[in-house]
2 protein chains.
Amino acid sequence: MRTVPDSETPAADGKRGPARERPTMKEVAALAGVSLKTVSRVVNEVPTVDPALVTKVRAAMDRLGFRPNLAASNLRRGDGRTHTVGLLVEDVGNPFSAAVHRAVEDFAAQREVLVLSSSLDEDPERERRMVRALVDRRVDGLIIVPASSDHRYLVAEQEAGTAVVFVDRLPTPLVGDAVVTDNREASAQGVRHLISAGHRRIAYLGDTESLPTARDRYAGYRDAIREAAARGCVADPGLVVQGLRTVEAADAAVSELLSGPDAPTALFTSQNLVTIGAVQALHRTGSQHRVAVVGFDDIPMAQVLDPGVTVLAQQASEIGRLAAQLLFARMAGDTAPARAHVVPSRLIQRGSGEIPAA
Amino acid sequence: MRTVPDSETPAADGKRGPARERPTMKEVAALAGVSLKTVSRVVNEVPTVDPALVTKVRAAMDRLGFRPNLAASNLRRGDGRTHTVGLLVEDVGNPFSAAVHRAVEDFAAQREVLVLSSSLDEDPERERRMVRALVDRRVDGLIIVPASSDHRYLVAEQEAGTAVVFVDRLPTPLVGDAVVTDNREASAQGVRHLISAGHRRIAYLGDTESLPTARDRYAGYRDAIREAAARGCVADPGLVVQGLRTVEAADAAVSELLSGPDAPTALFTSQNLVTIGAVQALHRTGSQHRVAVVGFDDIPMAQVLDPGVTVLAQQASEIGRLAAQLLFARMAGDTAPARAHVVPSRLIQRGSGEIPAA
DNA sequence: GATCCGCCGGACAACGTTGTCTGTGGCCGA
DNA sequence: TCGGCCACAGACAACGTTGTCCGGCGGATC
């Protein structure tokens with residue numbers, strides 16, 4: 001296809017292969033006129049090498065474009081550290097995952113460690129496949145937002161020396177450190193916020209009940225409602241809609257709730273897509289200044305909307321940072337018993353949650 | 001050193017070490033009572049192995065939790081493929097990067113390839129450092145959203161067999177395939193859209209002029225204004241504000257423009273943060289239904305706002321997918337001359353860009 | 001029953017690198 | 001001047017895996 005350039009330098013390799021191979025220490029040694037081992041010493045910055053030789057070797061390395069093969073190095077070295085960790089999230093494209101990703105990356109990068117990431121799309125089978133792929137590459141550690149519901153298969157990996165930390169959901173059984181949001185308590189806090197603004201008919205709009213986090217958030221809602229029963233808060237099943245997974249579904253659910261006879265005066269939404277759908281429905285029906293909303297999860301543009309959207313913001317960066325910190329501690333040999341770490345969410349008041357009851 | 005466990009499982013290893021080491025093929029072979037090579041054949045699914053032995057070997061692998069060491073395998077194998085590619089973006093946490101990331105990951109995952117990603121934060125030095133880190137890990141290919149302005153240092157890597165594809169910005173000089181947005185043409189299209197709604201005084205709110213993409217977008221703005229000069233479009237320098245990098249700066253700039261004497265009747269914003277700031281300023285001053293806006297880059301919640309925000313949406317997923325496709329073609333040996341591929345942006349009309357001139 | 005062929009398992013070397021050990025040269029002190 | 005010691009280079013093996021080669025065994029055919 002591409003004829004051999006008969007001009008200058010790499011003319012001799014008349015092979016049609018797309019590229020010559022990477023130079024090895026052997027070639028560097030030959031060019032520099034030293035032994036292979038000396039090159040190794042230069043690469044590893046052993047201080048006892050003759051400075052003149054160091055210069056010669058460095059020059060040879062630059063000329064050949066030599067870069068050490070980390071894999072071969074790890075293989076030979078005792079510790080077998082690849083300086084790479086794995087990160088399995090729901091979807092690297094979604095804001096929560098991306099924020100966690102960034103925080104993990106920052107923590108790792110400071111330690112010269114790179115991150116191999118992958119999306120699971122809530123597929124348990126994919127979780128196992130990706131764990132295998134990462135283990136095959138001998139990552140030093142693994143941060144997982146679980147998609148599966150049985151993590152015993154990871155015990156073997158941990159025993160084999162791969163540290164594992166879970167994020168956002170607890171592993172079952174608890175086979176490793178976990179970093180989670182205070183779903184139940186934060187939800188209760190959000191609902192109490194609405195109650196303190198005078199609301200008594202507060203709707204709950206939630207995700208699929210099969211998700212543990214969704215269950216916890218619903219539990220928090222009920223906690224707060226129950227606490228305020230004496231003050232007239234009603235636990236009306238007609239105010240609870242679950243199984244919402246899209247903006248459209250949430251929009252429709254809110255529209256229906258508001259047009260009904262005993263409409264709620266406030267909404268608590270359990271998740272960002274649901275919040276967006278609810279806000280959209282309120283704006284479309286012109287009731288955004290009349291019906292209060294508090295959402296779980298921050299949403300983009302929340303402060304630009306009118307009114308601003310009051311939310312319980314998960315601290316995704318802090319969650320990622322803490323997960324990385326725990327992971328690196330394990331990798332460094334920490335053998336303390338595994339435990340769950342709870343990162344509190346923050347209530348951000350922007351207006352929609354402070355609308356008083358009529 | 002470590003005596004043969006005289007009982008069954010690994011109960012004998014009463015060592016306090018954090019973990020025993022990973023089993024190797026040798027240990028699997030010993031447990032299964034076959035040769036090391038036979039285990040290798042089973043792992044590689046060579047068809048000529050006695051089924052009875054396959055079963056025995058598989059059982060031994062499961063019992064020990066054996067997983068092949070891909071690094072060692074690559075080392076020995078001729079091709080030296082790590083089945084890993086590198087992705088360097090501006091920030092894995094921002095929506096554009098995250099969408100590109102996801103698209104690349106999807107393309108790679110179908111081919112059993114994992115993605116090592118890292119954020120560059122527009123730091124040229126960091127770009128070089130991360131490229132080195134990825135090369136040291138012998139990634140098969142590299143997708144880069146450039147932060148530096150001289151990419152000749154990558155030629156050596158390409159010659160050494162690492163495929164490279166650039167995204168969002170052209171490398172200088174053009175040392176590899178690139179996938180870019182049609183910044184200039186799309187901007188012109190957006191401004192023409194405003195002109196066709198009757199606007200003649202159209203402001204340009206842009207990012208730092210040092211960014212090539214920002215320059216192209218500004219050029220597109222000027223193209224469209226110049227075309228319409230006969231129709232009375234003014235190229236007023238007072239309508240151009242550049243160097244905006246944050247929501248706050250854009251908000252302030254818009255507020256000032258609108259309060260001036262010859263205020264624009266429409267805004268063209270060159271980037272999502274700027275668009276958000278502009279929208280925020282319009283809403284705060286109550287002019288969102290009077291002043292038209294077209295923004296480059298989609299913004300979240302654009303359809304929830306009133307009016308919806310008209311934008312030129314970059315097709316980040318398509319850009320990522322195409323970049324991955326080109327990369328894998330190069331990795332498979334494609335030696336066609338490098339060229340730039342332009343992915344068109346889409347004009348999404350949501351209301352703010354269709355407000356007629358007063 | 002003998003020969004040949006084919007099929008499958010095992011020994012060996014090598015991928016690129018580094019730890020260990022040995023060997024050599026130079027320098028300093030007595 | 002000589003001995004000893006230290007500083008540094010080089011040979012060798014090994015990390016975990018796989019390609020190559022060879023040898024042995026079983027079955028089939030005459």
Side-chain angles (χ1 to χ4, degrees), chain A residues 20-57 60-61 64-83 135-140 160-162, chain B residues 1-2 20-57 60-61 64-83 135-140 160-162:
Chain A
R20 69 166 184 283
E21 277 171 5
R22 255 177 208 290
T24 69
M25 283 193 178
K26 201 157 131 188
E27 294 166 57
V28 173
L31 180 60
V34 300
S35 88
L36 197 165
K37 181 66 210 188
T38 302
V39 177
S40 168
R41 277 194 267 257
V42 171
V43 168
N44 292 289
E45 298 181 322
V46 174
T48 63
V49 182
D50 183 346
L53 281 193
V54 172
T55 311
K56 251 199 330 196
V57 170
M61 294 197 303
L64 294 175
F66 170 81
R67 288 264 83 210
N69 185 328
L70 217 56
S73 170
N74 292 329
L75 188 57
R76 182 57 182 85
R77 277 186 142 97
D79 60 357
R81 289 274 176 241
T82 55
H83 294 274
V135 164
D136 290 356
R137 284 166 180 78
R138 295 297 186 269
V139 291
D140 301 331
T162 307
Chain B
M1 172 150 290
R2 167 227 218 168
R20 70 166 183 283
E21 277 172 2
R22 256 176 207 291
T24 69
M25 283 192 177
K26 202 157 131 188
E27 294 167 57
V28 173
L31 181 60
V34 299
S35 88
L36 197 165
K37 180 68 208 187
T38 301
V39 176
S40 168
R41 278 195 265 255
V42 171
V43 167
N44 292 289
E45 297 181 324
V46 174
T48 63
V49 181
D50 183 346
L53 280 193
V54 173
T55 310
K56 248 197 332 194
V57 170
M61 295 198 302
L64 294 175
F66 170 81
R67 288 265 81 208
N69 184 328
L70 217 54
S73 169
N74 292 329
L75 190 57
R76 181 58 181 87
R77 278 185 141 96
D79 62 354
R81 291 271 176 242
T82 55
H83 294 275
V135 165
D136 290 356
R137 285 166 179 78
R138 295 295 186 270
V139 291
D140 301 331
T162 308

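Each chain gets a letter, A, B and so on, in the order the sequences are listed, and its residues count up from 1. Please read all numbers here as calculations on a predicted model, not as lab measurements.
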Spacing between L53(A) atom CG and dG10(D) atom C1', to the nearest angstrom:
13 Å
Please round to the nearest 0.5 Å and tell me the distance separating atom OG1 of T162(B) and atom CZ of R138(B).
7.5 Å
Student check: side-chain heavy atoms of E45(A) and V42(A) closer than 4.5 Å
no
Does the R137(A) side chain pair with the main chain of H83(B), one donor and one acceptor, at a distance under 3.5 Å?
yes
For S73(B), is there any backbone N or O sitting under 3.5 Å from a side-chain donor or acceptor partner on R76(B)?
no
How about T82(A) and L70(A): do any of their side-chain heavy atoms sit closer than 4.5 Å?
no
At what distance, to the nearest 0.5 angstrom, does CG of N74(A) lie from CG of N69(B)?
9.0 Å
V57(A) side chain reached by R41(A) side chain, heavy atoms, under 4.5 Å:
no
Every protein N/O within reach of nucleotides 13-18 of chain D N/O, cut-off under 3.5 Å:
from	atom 1	to	atom 2	distance (Å)
dA14(D)	N3	R76(A)	NE	2.9
dC15(D)	O2	R76(A)	N	3.1
dG16(D)	N2	A72(B)	O	3.3
dT17(D)	OP1	N69(B)	N	2.9
dT17(D)	OP2	M25(B)	N	2.8
dT18(D)	OP1	N44(B)	OD1	3.3
dT18(D)	OP1	N44(B)	ND2	3.1
dT18(D)	OP2	S40(B)	OG	2.9
dT18(D)	OP2	N44(B)	ND2	3.4
dT18(D)	O2	R76(B)	NE	2.8
dT18(D)	O2	R76(B)	NH2	3.2

Compute the bend angle of the helix from dG1(C)-dC30(D) to dA30(C)-dT1(D) from the end axes (five pairs per end), rounded to 10°.
40°
What residues, two or more places apart in sequence or in another chain, satisfy salt bridge (Lys or Arg N to Asp or Glu O under 4.0 Å) together with R67(A)?
D136(B)
